[in-house]
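In what follows, a structure is listed as structure tokens, so that the remarks can point back to it.
Reckoned from all heavy atoms, side chains included, excluding hydrogens, waters and symmetry mates. Chain letters run A, B, ... following the sequence lines, proteins first and then strands; every chain starts at 1.
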Protein chains: 4
Amino acid sequence: MPKLGAEPIRRAALVKATIETVGEAGSLEVTVAQIARRAGMSSALAHHYFGSKEQIFLAAMRSILTLYGAEVRGALATAQDPESRLRAIVAASFAAGSFRRETISAWLNFYVLAQTNAEAHRLLRVYQRRLRSNLRHDLRVLVGPRAEAVARGLGAMIDGVYIRAALADGAPDRRYALDIVTEYLDRELEGTP
Amino acid sequence: MPKLGAEPIRRAALVKATIETVGEAGSLEVTVAQIARRAGMSSALAHHYFGSKEQIFLAAMRSILTLYGAEVRGALATAQDPESRLRAIVAASFAAGSFRRETISAWLNFYVLAQTNAEAHRLLRVYQRRLRSNLRHDLRVLVGPRAEAVARGLGAMIDGVYIRAALADGAPDRRYALDIVTEYLDRELEGTP
Amino acid sequence: MPKLGAEPIRRAALVKATIETVGEAGSLEVTVAQIARRAGMSSALAHHYFGSKEQIFLAAMRSILTLYGAEVRGALATAQDPESRLRAIVAASFAAGSFRRETISAWLNFYVLAQTNAEAHRLLRVYQRRLRSNLRHDLRVLVGPRAEAVARGLGAMIDGVYIRAALADGAPDRRYALDIVTEYLDRELEGTP
Amino acid sequence: MPKLGAEPIRRAALVKATIETVGEAGSLEVTVAQIARRAGMSSALAHHYFGSKEQIFLAAMRSILTLYGAEVRGALATAQDPESRLRAIVAASFAAGSFRRETISAWLNFYVLAQTNAEAHRLLRVYQRRLRSNLRHDLRVLVGPRAEAVARGLGAMIDGVYIRAALADGAPDRRYALDIVTEYLDRELEGTP
DNA sequence: AATGAATGAGGATTCATTCAT
DNA sequence: GATGAATGAATCCTCATTCAT
């Protein structure tokens, strides 16, 4: 039952299944067969569309980062002043779309993948650079020369909260995660116009 | 010529080799044979001593946490007042013994292992709890009711800085890492007696 | 826009592509997809026309042998006396149309196929029998009772030169190949009326 | 039941099994598992000892050529004059040890392998060069300036007879094979001192 | 204590072939 | 006629683990 235009559908299904499978397993040591099964197709077809397991992983990673990027852009769209922009960026990091069990676990695993895989490394760097640049932009207005330092700190803390969420039992607690970072930000913005 | 007391020596060699191998590979997907070779013995002997690959990993993880614990204890020994104790704890996290390429990478990988393995999970929780407890203890004196929040924040940031160091090119920059966390701490301690 | 009479064109294209692909790869381990791509169509269509990979190979083999047969017939057409007929047959074996890189390599590979495949085996036997019969026919007039032996020798030597050409670097040297066989023939015909 | 010094025994068994399996199948498309089974071990062990299927094939090829070389050396040992040396070399090519069903088929297949594999190519060239050099050496004394041409012719004819034996039904006919080449040689040596 | 020998189980990848459109 | 879609069946290779010595 081959439908025309199946490719993008299949690719999307595989990407989704990859994030779920890696997220559930908490490890990259999942088989292509597992991923394909969850996506409702044979592993041969997965290879047909992506060429290799590595490419499947990279596509999943790109998808996560793209989703996150969209989340940030969406949040920034409505924010008007620097401070609300800043808070929007931080909030976006823990938005319901991204801050989910499997996504977090997948995220952690892609961090590991980046040790080995050049493209994964590059993607993660782009994410970090973009995040830092966004933060710095608005921080300059608010904290002046401390902008660079605070941007670095925020970035690190967001990643730290993420990684720790991967260890937590039960569903990830967005409120809790957001609070930690927000308190830091509040403190830095204290006494700011 | 079997040496007396060979066992502890062999075990230590394997633990060291494991951290190096995982650190270099940037992944848990290393073979027991690789680890054993680096430790100068057959993979059969590695199994003889540890029973399984999993146990080898856990022993390596315990070793890292033990080393870190010793580092903290050593730092606390000379510190007298709460603030210097706090700073000592933070500094210990980025001490030369722990904040090394392979250790950082191994650390990240053990985070991943903790998703899957109950004992690894437990070990990491113990580390987090102990760190938080240490920080909170001294923070109470300094920031009162904010102690809990700052302790969480510091813990998260330390992990965040660690994870990001795993992505950096070249040798990890202790100064840079320490600065990020210290600035956060400074800010929180501002206006503190 | 299906063209009328597409079938023979498609089949010919596939046969040509098969010889080229096998010749270039130097092996029968080429995929139907590779052959089909070179022939400018989908592998599904290749199956549609030939039914199986095996049939594609056999068609290619028939094509080679048919071409060779035509080459011999053409050569014999102008030759008048037994000796020039003999020389024409030999020369045809190394004619520009047959003695080409891919054809030689394909030839060698079809020899291998004949170990496994009954039809390939049959085709090769027909070729050998026909060649021997042609040679013997003219040799009888020239060398009498030695005809049988010389025909066998010539046949073997032609195949040997072919197989060796498959190993040579660069383009196959027709002159060189022909010389070897011709010297043998000259010697046998020495002192012949 | 691991015996010490099993390696050379296992390797030899695999080489033997490879020649037999390829010989019987008449194709290189045999699986490592088939070869290993025939050699009485797991395919994993075959890989352990040889690293790859390719290396197994090359070892088998080396074995065939080594055996052939020994056969030639043995034949030359007793021969005194150039002519008997020459005849000994030719006879060695069809000696009982080398001119056997599977060996012949394996030989043909290795010819094919040499199209693709550099080391196989090299091995075959060494064989050809050595054979030609041996033949030329003795032919010089007997046929003078024709030595080069006759050496080439003999080499080609030996290969041709081999390849044709691969197509024959039933056990290879050493007598018949030897006769063809011998008649050629006789003719060339006619009228020689 | 120490290791070479050995393997079962598994996993990525390939490919001929089929089928609905 | 033509093809994209889809897969079952293989196959090479790896590796943790066991065991006899």
Between G51(A) and A46(B), whichever has its closest DNA chain E nucleotide further toward 5' is A46(B)
DNA chain F nearest-nucleotide lookup for G40(C) and E54(D): closer to the 5′ end is G40(C)
Each base of DNA chain F marked ( ) or [ ] if paired in-strand (Watson-Crick or G-U under 3.5 Å), | if paired to another strand and . if unpaired gives .||||||||||||||||||||
Taking dT18(F), dT17(E), dT3(E) as options, the one with an atom nearest any side-chain atom of S43(C) is dT17(E)
Working note: I64(A) + W107(A), criterion side-chain contact (heavy atoms from CB on, under 4.5 Å); need CA distance, chi angles, decisive distance, verdict. CA-CA 8 Å; I64(A) 286 182; W107(A) 182 272; 3.7 Å; yes
Judged by nearest nucleotide, the residue sitting upstream toward the 5' end of DNA chain F, V32(D) or V32(B), is V32(D)
Picking from dA16(E), dT13(E), dT3(F), the nucleotide nearest the side-chain atoms of K53(A) would be dT13(E)
Between R122(A) and E119(A), does at least one N-O distance fall below 4.0 Å, as a salt bridge requires?
yes
Is any side-chain heavy atom of E24(C) closer than 4.5 Å to a side-chain heavy atom of R38(C)?
yes
Per atom distances to the A44(A) side chain, the nearest of dT17(F), dA6(F), dT7(F) is dT7(F)
Keeping H121(A) on the side-chain end and T116(A) on the backbone end, is there a donor-acceptor pair under 3.5 Å?
no
CZ (F110(C)) and CD1 (I19(C)) are apart, to the nearest 0.5 Å, by 6.5 Å
Next on the checklist: Between R10(A) and dG4(F), is there a contact of a side-chain N or O with OP1 or OP2 at under 4.0 Å?
Outcome noted: no
Checking dA5(F), dG1(F), dT17(F) against the side chain of Y49(C) (C-beta onward), the nearest is dG1(F)
From the list L58(B), V30(B), I56(B), side chain to side chain contact (heavy atoms under 4.5 Å, CB included) partner of T18(B) resolves to I56(B)
Margin query: For a 4.5 angstrom cut-off between non-hydrogen side-chain atoms, does Y68(B) reach T103(B)?
Written below: no
Sorted by number, residues from residues 20-31 of chain B placing a heavy atom under 4.0 Å from DNA chain F are V30(B), T31(B)
Taken in chain and number order and not counting sequence neighbours, the residues that satisfy side chain to side chain donor-acceptor pair (under 3.5 Å) with R37(D) are none
Tightest non-hydrogen contact, residues A46(D) and V32(D), listed as CB-CG1, 4.1 Å
Picking from dA6(E), dA1(E), dT13(E), the nucleotide nearest the side-chain atoms of A6(B) would be dA1(E)
Of the listed dA5(F), dT3(F), dA16(E), the closest approach to the L45(C) side chain comes from dT3(F)
Examine dA1(E): is either OP1 or OP2 under 4.0 Å from a nitrogen or oxygen in the side chain of H48(B)? Give yes or no.
yes
From CZ of R11(A) across to P of dA6(F) the rounded distance in Å is 13 Å
Side-chain atoms of M41(A) come closest, of dT7(F), dT3(E), dC19(E), to dT7(F)
